[in-house]
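Shown next, in structure tokens, is the structure this report addresses.
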Amino acid sequence: MEKPSKETLDNWHEDPNNWKFGGIYYNKEDKRLLVDKRNPNLGGTINFAHPKSYLFIIGIICFFGLIIATILMSKKAN
């Protein structure tokens, strides 16, 4: 598929059918992993229809889990 136009991206973003429960972006046509939230001043969100979105979430959880485990193990060693 060719790169969608800015107008198409805006239409997808504004379409309420692409937002589940008011804040979860889910659009199979949109190939971007990260998209702006409905209010772009609040940051970004993940396109949960993207095949790699769940790997991204698992990676973030593992990263922070590793940090917490390292902190707890260093406190236990003291």
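Residue numbers count from 1 along this sequence. Since the model is a prediction, treat every value here as computed from it, not as a measurement.
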Of all residues at least two apart in sequence or in a different chain, which pass the side chain to side chain donor-acceptor pair (under 3.5 Å) check with [X]?
X	value
D36	none
K6	D10
S5	T8
R32	D30

Quick one: side-chain contact (heavy atoms from CB on, under 4.5 Å) partners of [X], sequence neighbours excluded?
X	result
N17	D15
K52	H50
F21	I24
F56	L33, L34, I46, I60

* Without swapping roles, check the side chain of N27 against the backbone of N47 for a donor-acceptor pair under 3.5 Å. => no

* So if you build clusters from Ile, Leu, Val, Met, Phe, Trp, Tyr with side-chain heavy-atom gaps below 4.5 Å, do F64 and I61 land together? -> yes

* Using the rule that two of Ile, Leu, Val, Met, Phe, Trp, Tyr join whenever any of their side-chain heavy atoms come within less than 4.5 Å, decide whether L9 and Y25 are in one cluster. => yes

* Hey, what do you get for OG (S53) to CD1 (I58), rounding to the nearest 0.5 Å? -> 9.5 Å

* Structure fact -> For A49 and K28, the nearest pair of non-hydrogen atoms, with its separation, is CB-N, 3.6 Å

* Structure fact -> When every non-hydrogen atom of K37 is compared with those of G44, the smallest separation belongs to CE-O, 3.2 Å

* Taking ILVMFWY side chains as joined if any heavy atoms are under 4.5 angstrom apart, and letting links pass through other members, which residues group with I68? -> L72

* Asked: Under the ring-ring contact (aromatic ring centres under 6.0 Å, His included) test, which residues partner H13, sequence neighbours left out?
  -> W19

